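Okay, structure first, notes after.
All of these numbers come straight from a predicted model, not from anything done at the bench.
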Amino acid sequence: MAKDLKQYETKEAITPDGVSVQLFVNTGLMIDVVRGVQRGAQGVGLYRSEIPFMLRERFPGEEEQRAIYRQQLSHFANKPVVMRTLDIGADKDLPYFSIEEENSALGWRGIRFTLDHPEIFSAQIRAMLKASIGLNNLHILLPMVTTVSEVEEVLYLLERDWIAVQEEEQVKITKPKIGIMVEVPSVLLQIDEFAELVDFFSVGSNDLTQYLLAVDRNNPHVASVYSHFHPSILRALTRLVKECHKYQKPVSICGEMAGDPLSAILLMAMGFNTLSMSSSNILRVRKAICHVPMTDAQKLLDDVMKMNNPLIVKSWLEYYFKTHGLADMVKSNRLVTV
């Protein structure tokens, strides 16, 4: 299996009928960057900026952050690097800033935390801007957005810091594109309003699935309910892509769903501009794309959109893979986690 996949390091993700799909990598540590480059990632779809914060015993200073971000941006020079602002809370605790809540999944996390601490947010934005000087490949992604007012506040802070850093460094800095994560269901119903403010959208399929289905996948009593093959998830994403494209805004997906070859084929058919995943899944997804024509993927999407059971949806996709020479993808799908 590993030997078979290695040949896909140098291949492009193009379907047999000529449709090209962009595959990006999710990063946090430098090893993710190295493996992403080795496996032909076309950019970074999600840099988890909280990782350096979680590995320290205190908040990293602006210069420390700048050096870390520069490494990420430099390794993907001339390619987009989407950096998510600090996303702590829920299952991502800082050892020196513990947040104790009865229901952390619905609590003080993501953009909610950073807007309550603008000094932390500002230091991070300034570090990202300084790290991007001369590279111009920085994109900034906002996590856990719920309301338009949050984005408006961020844009004000970003404009202020962008002007200040240019004056301080005596250099012109390309203003980064700003995007929001689609993980809170409220965003799905306000794409038109958000589209007036941001440059792109990125789906966090793990949280979006959790919130749409009201299920904690780490809770053994209800974990079986959690499935990104649930009809409501597939229908929500299909409508989302149509909405984003209506307003000419690119939309990517960076959750586990993108790294699963079975669902990646459906996402390709929906029209997602970019699929971003763990480096461990890039070759598997690229192989699937290289073997599944877009016409087949669109037929599969049409088929599953009529189904009302996630188990039937998954079985239908597995049947296609097994009968089209991709049985190994099904086996890997069951054994490998992101």
Side-chain angles (χ1 to χ4, degrees), residues 1-2 5-15 20-52 54-55 68-87 92 128 131-132 135-143 176-177 179 181-183 200-208 228 250-265 267-268 272-290 329 332-333 336-338:
M1 178 64 175
L5 287 177
K6 190 167 180 61
Q7 65 178 296
Y8 290 93
E9 286 184 352
T10 55
K11 290 188 177 182
E12 293 184 45
I14 301 178
T15 65
S20 179
V21 181
Q22 285 198 113
L23 300 186
F24 283 22
V25 65
N26 297 339
T27 67
L29 302 171
M30 279 307 297
I31 187 64
D32 302 319
V33 173
V34 173
R35 287 175 178 166
V37 171
Q38 178 189 356
R39 292 167 188 178
Q42 294 166 281
V44 174
L46 173 67
Y47 168 61
R48 301 181 179 91
S49 70
E50 64 274 6
I51 299 297
M54 295 169 71
L55 296 177
I68 294 167
Y69 303 154
R70 184 73 180 185
Q71 279 189 315
Q72 294 277 331
L73 293 165
S74 297
H75 274 75
F76 280 91
N78 302 318
K79 296 177 181 177
V81 175
V82 179
M83 294 193 156
R84 182 174 66 188
T85 58
L86 186 61
D87 185 20
K92 291 171 284 202
M128 288 180 177
S132 73
L135 294 172
N136 305 324
N137 59 341
L138 170 66
H139 295 50
I140 294 178
L141 181 62
L142 310 176
K177 291 186 177 180
M181 293 202 73
V182 181
E183 45 195 349
F200 65 96
F201 294 87
S202 181
V203 176
S205 63
N206 301 356
D207 272 333
L208 184 61
H228 54 239
V251 57
S252 62
I253 183 164
C254 57
E256 289 182 12
M257 196 172 178
D260 177 345
L262 296 178
S263 49
I265 294 304
L267 298 172
M268 174 181 80
F272 273 91
N273 298 93
T274 302
L275 309 183
S276 189
M277 63 207 68
S278 162
S279 60
S280 62
N281 288 324
I282 291 177
L283 300 185
R284 296 168 58 236
V285 171
R286 186 178 290 133
K287 177 181 178 180
I289 290 171
C290 288
M329 294 284 97
S332 296
N333 183 59
V336 179
T337 57
V338 178

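We find the NZ-CG distance between K79 and L135 to be 13.5 Å, quoted to the nearest 0.5 Å. Here OG of S252 is found 8.0 Å from CZ of F24. Values are rounded to the nearest 0.5 Å. Separating the CG atom in L29 from the OH atom in Y47 is a distance of 8.5 Å, to the nearest 0.5 Å. In this structure, L262 CG and R284 CZ are separated by 8.5 Å, a value rounded to the nearest 0.5 Å. Atoms OG and CZ, from S202 and R84 in turn, are 9.0 Å apart once rounded to the nearest 0.5 Å. In this structure, CG in D207 is found 7.5 Å from CG in D87, a value given to the nearest 0.5 Å.
Taking each heavy atom of S280 and R39 in turn, the nearest pair found is CA-NH1, 3.5 Å. The nearest pair of heavy atoms linking N137 to F76 is ND2-O, 2.9 Å. A pairwise comparison of heavy atoms in M83 and L73 identifies CE-CG, 3.8 Å as the closest pair. In terms of heavy atoms, S205 sits closest to I253 at CB-CD1, 3.9 Å.
A salt bridge is absent between R286 and E9: the closest approach of a Lys/Arg side-chain nitrogen to an acidic carboxylate oxygen does not fall below 4.0 angstrom.
In summary, of the residues considered (S279, S278, S276), a side-chain hydrogen bond (donor to acceptor under 3.5 Å, both in side chains) with N26 occurs for S276 alone.
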*Between T27 and Q72, is a side chain to side chain contact (heavy atoms under 4.5 Å, CB included) present by the stated rule, with each step listed?*
CA-CA 9 Å; T27 67; Q72 294 277 331; 2.9 Å; yes
*side chain to side chain contact (heavy atoms under 4.5 Å, CB included) between L283 and K6, worked out*: CA-CA 7 Å; L283 300 185; K6 190 167 180 61; 5.6 Å; no
_Worked verdict on V21 versus V285 for side chain to side chain contact (heavy atoms under 4.5 Å, CB included)_ = CA-CA 10 Å; V21 181; V285 171; over 6 Å; no
*Where do N273 and V251 land on the side chain to side chain contact (heavy atoms under 4.5 Å, CB included) test, with the steps shown first?*
CA-CA 6 Å; N273 298 93; V251 57; 3.8 Å; yes
